[in-house]
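Taking it in order: structure first as structure tokens, then the write-up.
Both ligands and their constituent atoms are indexed starting at 1 by order of listing. Values below: all heavy atoms of this structure, side chains included; hydrogens, waters and symmetry mates excluded.
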Amino acid sequence: MEILVDTVNLAEIKKYHQMLNLSGVTSNPTIIKKEGHVDFFEHLRAIRQIIGPDKTLHVQAVGETTAEIVADAHRVLQEIDHDVYIKIPTDPAGLEAMKQLKKENVHITATAIYTVFQGELAIAAGADYLAPYYNRMMNMNIDAASVIAELAQAIEMSHSQTKILAASLHNVAQVTSALKNGAQAVTIGTDVIAAGLNAPMIAAAVHDFKKDWQSMYGEQTIADLN
Ligand SMILES: O=C[C@H](O)COP(=O)(O)O
């Protein structure tokens with residue numbers, strides 16, 4: 001199971017890289033905008049510095065034509081490193097760019113996926129990851145769980161190496177549903193992770209255990225015991 005964070009906030013990436021066994025970081029222009037007008041390449045290099053070479057870093061191309069997308073990909077690979085996963089929207093121009101970039105062995109994350117059909121074409125194009133947009137599908141009354149389950153089946157049936165990296169996850173239920181339905185990876189906003197771990201019932205359980213411990217041993221921790 002791969003857990004990624006859907007943020008480019010350096011402090012948040014540091015915090016969750018330390019807390020969790022993160023597999024990587026994903027971004028898109030909207031996520032980058034939240035940090036203000038940062039130096040794009042410098043910021044991405046800082047993320048790579050934090051997560052190290054073994055984690056995956058997914059950066060979205062912004063060009064609209066195939067030639068522009070391919071040029072964006074080349075620039076990102078040149079400025080950051082050749083292990084970056086280039087996120088490419090799964091539309092006509094993007095699919096053609098995927099086909100071209102796979103010939104150069106570039107890592108591809110096919111993004112903006114709302115339908116099984118888009119996913120199937122991205123699998124055929126050799127994408128390394130598919131990023132189906134869970135919450136955005138739900139907003140359109142598309143059954144996101146079924147789309148992910150069908151894509152998982154398509155990958156299995158075609159013996160493809162493509163993995164599903166569920167994105168646009170707006171709550172813990174969506175995360176667990178994506179994983180249950182066959183996503184190998186999920187990219188989660190740090191607000192969703194925090195909300196999932198800050199449930200009052202977790203704090204209450206920890207508090208009750210502490211109270212019972214203190215009623216016997218006072219302020220000493222286990223490490224303090226003689
Ligand atoms: O790049 C993919 C994002 O996970 C989309 O998330 P969003 O629907 O919250 O903008």
Ignoring hydrogens and angles, state whether a donor on the side chain of T109 or H107 is under 3.5 Å from an acceptor on the partner side chain. no

Does a donor on one side chain and an acceptor on the other come within less than 3.5 Å for E12 and T7? no

To the nearest 0.5 Å, how far apart are CG in L169 and CD1 in I188? 6.5 Å

Strictly under 4.0 Å, does any heavy atom of D6 approach an atom of ligand 1? yes

Would you say S27 has any N or O atom under 3.5 Å from an N or O of ligand 1, going by distance alone? no

Heteroatom proximity flag, R136 to ligand 1, N/O under 3.5 Å: yes

Should S168 be counted as touching ligand 1, given the test is an N or O pair under 3.5 Å? yes

Any side-chain donor-acceptor pair under 3.5 Å between N9 and E35? yes

Contacting atoms of ligand 1, where contact means under 4.0 angstrom from a heavy atom of H170: 7 (P), 8 (O), 9 (O)

Quick one: look up the protein heavy atom nearest atom 1 (O) of ligand 1 and list residue, atom name and how far away it is. N28 ND2, 2.8 Å

Side-chain atoms of residues 84-100: list all donor-acceptor pairs with protein atoms under 3.5 Å, sequence neighbours left out, distances to 0.1 Å.
| from | atom 1 | to | atom 2 | distance (Å) |
| --- | --- | --- | --- | --- |
| K87 | NZ | S27 | O | 3.0 |
| T90 | OG1 | T111 | O | 2.9 |
| D91 | OD1 | A93 | N | 3.4 |
| D91 | OD1 | G94 | N | 2.8 |

Among protein heavy atoms, which lies nearest atom 2 (C) of ligand 1, and at what distance? Y133 CE2, 3.3 Å

Is it true that M19 and V8 fall in one hydrophobic cluster, defined by side-chain heavy atoms closer than 4.5 Å? yes

Go through ligand 1 atom by atom and flag the ones less than 4.0 Å from a non-hydrogen atom of K87. 1 (O), 2 (C)

